[in-house]
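Bear in mind the structure is a predicted one, so any value in this text is a computation, not a measurement.
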Amino acid sequence: MTTYRPLPQAEFRHEAYRLVPIRYEDREPIRAWRNAQLDVLRQAEPLSAAQQDAYFQKVVLPLFEKERPGQLLFSLLHHDELIAYGGLVHISWPDARAEVSFLADPARAANPTTYRQDFRAHLRLLGQVAFDGLKLNRLFTETYDIRPAHVAILEEAGFRLEGRLRQHVQLRPGTFADSLMHGQLAADYATAFGTTL
């Protein structure tokens, strides 16, 4: 398995979940998931298979060779089946911070109980990557306010609401949403998940 140079280990586990560096073979399901959920992403239009292949070749694969990549993307597996992906993006190594990203298989995202379990597992494992593995100080997120269940899971996992950007994104012509900004420090993570860092 390919791993990122700054990480001390190739995978992170919790119960039946595994977080592994993003796999090349996952690019097509991820593309389909992104195209099916444009309303919650900072993506203006559907991606073609050629665009996705080019992105993996030019952007994703070179990340594995960098000492300090700008992002670390992961495949989230449940019982060894791909169910979601995400990672640490917009990493600022000097400031020891990164933004959290997460996108689940739409079928799993449609079930509130399954989505909560998957997203919490992702946040738990990503916290291990960020705070244990990389010794980051802070994680942050931007979530559109049309996703109250997603926001509730973030807050349950130790992320604190730090601000609201009013009418920050236009979802459709004439329809705006606020962006909610949440942050988590290592101590917030440890408290939420009952771990010691």
Problem set entry | R166 vs D178, salt bridge (Lys or Arg N to Asp or Glu O under 4.0 Å): CA-CA, chis, key distance, verdict | CA-CA 5 Å; R166 296 178 305 138; D178 294 358; over 6 Å; no

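- By the 4.5 Å heavy-atom criterion applied to side chains, Y144 and H168 are not counted as neighbours.
- Considering every non-hydrogen atom in both F193 and R120, the closest pair reads CE2-NH2, 3.6 Å.
- For the pair I91 and R97, the minimum side-chain heavy-atom distance is 4.5 Å or more.
- Side-chain atoms of T141 and F159, non-hydrogen and from C-beta on, do get closer than 4.5 Å to each other.
- Not a single donor-acceptor pair under 3.5 Å links the side chain of H122 to the backbone N or O of A104.
- Within the 4.5 Å cutoff, the side chain of V169 has heavy atoms near those of the S179 side chain.
- Geometrically, R27 engages Y24 in a cation-pi contact, judged by NZ or CZ lying under 6.0 Å from the ring centre and within 45° of the ring axis.
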For this session: Could you go through the side chain to side chain contact (heavy atoms under 4.5 Å, CB included) check for R160 and Q184 one step at a time?
Result: CA-CA 6 Å; R160 297 184 187 183; Q184 181 187 61; over 6 Å; no

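- Considering CG of N35 and CD1 of I30, their distance stands at 12.0 Å, rounded to 0.5 Å.
- L185 and F140 are members of different hydrophobic clusters when ILVMFWY side chains are connected at heavy-atom separations under 4.5 Å.
- In this structure, the separation between CZ on R68 and CZ on R5 is 13.0 Å, given to the nearest 0.5 Å.
- Taking hydrophobic clusters as Ile, Leu, Val, Met, Phe, Trp and Tyr residues chained together by side-chain heavy-atom distances below 4.5 Å, V89 shares a cluster with L7.
- Hydrophobic clustering keeps L161 apart from V100 (ILVMFWY residues linked when any side-chain heavy atoms are closer than 4.5 Å, directly or through intermediates).
- The minimum heavy-atom distance linking I146 with A177 is given by the pair CG2-CB, 4.3 Å.
- Rounded to the nearest 0.5 Å, atoms OG1 (T114) and CZ (R108) are 5.5 Å apart.
- For the atom pair CD1 of I83 and CG of L103, the computed distance is 11.5 Å after rounding to the nearest 0.5 Å.
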Exercise. Do R138 and D95 pass the salt bridge (Lys or Arg N to Asp or Glu O under 4.0 Å) test, and can you show the C-alpha distance, the side-chain angles, and the key distance before you say yes or no?
Worked result: CA-CA 9 Å; R138 170 181 166 75; D95 299 311; over 6 Å; no

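- Relative ring orientation between H150 and F119 is described as parallel, the plane-to-plane angle staying below 30° on a 0-90° scale split at 30° and 60°.
- L123 is not connected to V151 by any chain of hydrophobic side-chain contacts under 4.5 Å among Ile, Leu, Val, Met, Phe, Trp and Tyr, and they are in different clusters.
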Could you give the side-chain donor-acceptor pairs of residues 70-79 under 3.5 Å, partners two or more places apart or in another chain?
| from | atom 1 | to | atom 2 | distance (Å) |
| --- | --- | --- | --- | --- |
| Q71 | NE2 | Y55 | OH | 3.2 |
| S75 | OG | R23 | N | 3.3 |
| S75 | OG | D26 | OD2 | 2.6 |

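- Annotation: E81, atom CD; neighbour count of heavy atoms from other residues, nucleotides and ligands within 6.0 Å does not exceed 12.
- No donor-acceptor pair under 3.5 Å is formed between the side chain of T175 and the backbone N or O of L171.
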For this session: Could you give me the CA-CA distance, side-chain angles and deciding distance for Y17 and R124, then say whether side chain to side chain contact (heavy atoms under 4.5 Å, CB included) is met?
Result: CA-CA 10 Å; Y17 291 94; R124 173 187 281 271; over 6 Å; no

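- Panel note: side chain Q170, backbone G174; a donor-acceptor pair is recorded below 3.5 Å.
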For this session: Begin from the C-alpha positions of T2 and L61 and carry the test side chain to side chain contact (heavy atoms under 4.5 Å, CB included) through to its verdict.
Result: CA-CA 10 Å; T2 304; L61 294 179; over 6 Å; no

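- In this structure, D80 and R18 have side chains that are in contact, with non-hydrogen atoms separated by less than 4.5 Å.
- Here the rule is side-chain hydrogen bond (donor to acceptor under 3.5 Å, both in side chains) with R13, and of E11, Q9, E15 only E11 fits it.
- Residues F102 and L126 form no side-chain contact, since every pair of their non-hydrogen atoms from C-beta on lies 4.5 Å or further apart.
- Between F64 and T3 the shortest heavy-atom distance is CD2-O, 3.5 Å.
- The cluster map of Ile, Leu, Val, Met, Phe, Trp and Tyr, joined by side-chain heavy atoms under 4.5 Å apart, puts L165 and L180 in different clusters.
- Atom CG in N111 sits 11.5 Å away from atom CG in D105 (nearest 0.5 Å).
- Of all heavy-atom pairs between A192 and E156, the closest is CB-O, 4.0 Å.
- From F56, atom CZ reaches atom CD of E28 across 10.0 Å, with rounding to the nearest 0.5 Å.
- Residues F176 and D145 form no side-chain contact, since every pair of their non-hydrogen atoms from C-beta on lies 4.5 Å or further apart.
- Of all heavy-atom pairs between F131 and L139, the closest is CZ-CG, 3.7 Å.
- Put simply, the side chain of Y85 does not reach to within 4.5 Å of the side chain of L19, judged on heavy atoms.
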Exercise. Please walk me through it: do L82 and W33 pass side chain to side chain contact (heavy atoms under 4.5 Å, CB included)?
Worked result: CA-CA 12 Å; L82 177 70; W33 299 346; 3.6 Å; yes

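- Shortest non-hydrogen contact noted between L134 and P6 is CD2-O, 3.7 Å.
- Remark: the E155 side chain and the H182 side chain contain an N/O donor-acceptor pair separated by less than 3.5 Å.
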